[in-house]
Amino acid sequence: MGAVSGAPVKLWRRLLAELLGSAFLAAVVIGSGIAAQRLSPGETGLELLENAAATAAGLFAIILMFGPVSGGHFNPVVSFVDAAFGGLSWRDAAAYLPVQVAGCIGGAVIANLMFALPAATISTKHRATPAHFLSEIIATLGLILVIFALARSGRSRAAPAAVGAYIGAAYFFTSSTSFANPAITIGRMFSDTFAGIAPSSVPAFIAAQIVGGAVAVVVIRALYPSITPAQAADIIVPHQQDQAGPAAARAAHDGASPAAQPPGHGQPTD
């Protein structure tokens with residue numbers, strides 16, 4: 001299914017990677033928000049800058065840690081869009097969803113505890129406005145386009161940095177600060193801190209993220225009509241191999257074709 005010969009990574013290992021990666025992601029987002037409030041009290045712009053910078057850098061590192069096992073989705077919208085293009089089975093996408101949500105909730109609890117706060121506090125920060133709804137559609141659309149454009153053009157090596165950079169930038173160019181992820185949206189309910197979101201705002205955010213993902217599918221099909229399941233399988237990081245040799249793995253990560261594949265496999269054709 002992927003770009004490298006070898007047995008597919010076992011589902012339980014991919015689920016574990018998604019669980020841990022999602023937990024780390026939530027811990028980074030929420031923990032850096034708490035730290036920003038304490039380090040720069042009353043300086044909202046500086047707090048957001050600190051939170052965005054930590055999230056962008058942390059996401060880059062987390063994708064590198066867990067991406068080679070599961071692809072580094074940590075986001076149900078990414079997983080289901082991947083399934084829509086044949087890169088992930090619908091069954092596996094459905095299995096990814098609960099562990100991504102559980103990981104983000106767990107990461108929120110860990111972040112709270114690391115700063116000597118109660119393990120779980122329900123956020124009171126209301127964010128549901130029409131502007132936030134539009135922002136989440138745009139934020140999610142942009143995230144999915146970044147991911148699939150890189151996979152389609154054989155530039156998977158740049159994906160961890162590009163995804164981190166996009167999310168860091170979207171903290172500022174969207175009024176919602178770019179959640180762009182239903183799992184992290186749910187996780188952020190459990191911390192009444194800088195990065196939190198009130199439960200009453202969560203349904204609107206998730207609905208907008210789903211709409212953004214659906215629009216992304218249409219746009220990707222228009223921009224990249226020849227995208228293949230093998231290319232989709234390599235988002236965000238090539239990972240569909242369990243026994244491939246180092247040379248083959250490096251070739252896939254660089255967007256090159258292993259010798260065992262037909263010429264032009266995985267490369268743009270349109």
Is the side chain of [X] donor-acceptor paired with the backbone N or O of [Y] at a distance under 3.5 Å, no angle test?
X: R14; Y: V9; value: yes
X: T193; Y: I34; value: no
X: T185; Y: I206; value: no

Please examine the side chains of [Y] and [X], heavy atoms only from C-beta on, and report whether any two atoms are closer than 4.5 Å.
X: P182; Y: V77; result: yes
X: V81; Y: F148; result: yes
X: F115; Y: R38; result: yes
X: L143; Y: V163; result: yes
X: F66; Y: V237; result: no

Problem set entry | Identified side-chain contact (heavy atoms from CB on, under 4.5 Å) partner of I220 from the options L145, I147, L141 | L145

Same cluster (ILVMFWY, side-chain, under 4.5 Å), [X] and [Y]:
X: L39; Y: L49; answer: no
X: L20; Y: W12; answer: yes
X: V28; Y: M114; answer: no
X: I30; Y: L46; answer: no

Which residues pass the side-chain hydrogen bond (donor to acceptor under 3.5 Å, both in side chains) test with [X], not counting sequence neighbours?
X: T55; value: Y171
X: T129; value: H132
X: S201; value: none

What side-chain donor-acceptor pairs closer than 3.5 Å can you find for residues 97-113, not counting sequence neighbours?
unit_1 : atom_1 : unit_2 : atom_2 : d
Q100   : NE2    : E18    : OE1    : 2.9
Q100   : NE2    : S79    : OG     : 3.1
N112   : OD1    : S191   : OG     : 2.7
N112   : ND2    : A108   : O      : 3.2
N112   : ND2    : A119   : O      : 2.9
N112   : ND2    : F190   : O      : 3.0

Minimum-distance pair of heavy atoms, taken over all atoms of [X] and [Y]:
X: T140; Y: G213; result: CG2-N, 3.9 Å
X: L150; Y: A162; result: CD1-CB, 3.6 Å
X: A95; Y: L15; result: O-CD2, 3.5 Å
X: S123; Y: I197; result: OG-N, 3.1 Å
X: A139; Y: S178; result: CB-OG, 3.5 Å
X: S175; Y: S135; result: OG-OG, 2.8 Å

Nearest 0.5 Å, please: how far is [atom2] in [Y] from [atom1] in [X]?
X: D92; Y: H73; atom1: CG; atom2: NE2; value: 10.0 Å
X: N75; Y: I167; atom1: CG; atom2: CD1; value: 8.0 Å
X: F133; Y: Q209; atom1: CZ; atom2: CD; value: 10.0 Å
X: T177; Y: F172; atom1: OG1; atom2: CZ; value: 10.0 Å
X: T228; Y: R152; atom1: OG1; atom2: CZ; value: 7.0 Å
X: I122; Y: S200; atom1: CD1; atom2: OG; value: 11.5 Å

Exercise. Would the number of heavy atoms belonging to other residues, nucleotides or ligands and lying under 6.0 Å from CZ of F24 be above 12?
Worked result: no

For this session: Compute whether any side-chain donor of one residue and acceptor of the other, for R91 and S89, lie under 3.5 angstrom apart.
Result: no

Exercise. Who pairs with F194 by side-chain contact (heavy atoms from CB on, under 4.5 Å), at least two apart in sequence or on another chain?
Worked result: Q37, E47, L48, N51, K125

For this session: Could you list the residues that satisfy side-chain contact (heavy atoms from CB on, under 4.5 Å) with L25, not counting sequence neighbours?
Result: V29, L59, I62, F74, N181, I184

Exercise. When the ring planes of Y166 and F173 are compared, do they come out parallel, tilted or perpendicular, using 30° and 60° as the limits?
Worked result: perpendicular

For this session: Check whether NZ of the Lys or CZ of the Arg R188 lies under 6.0 Å from the centre of the six-membered ring of F179 and within 45 degrees of that ring's axis.
Result: yes

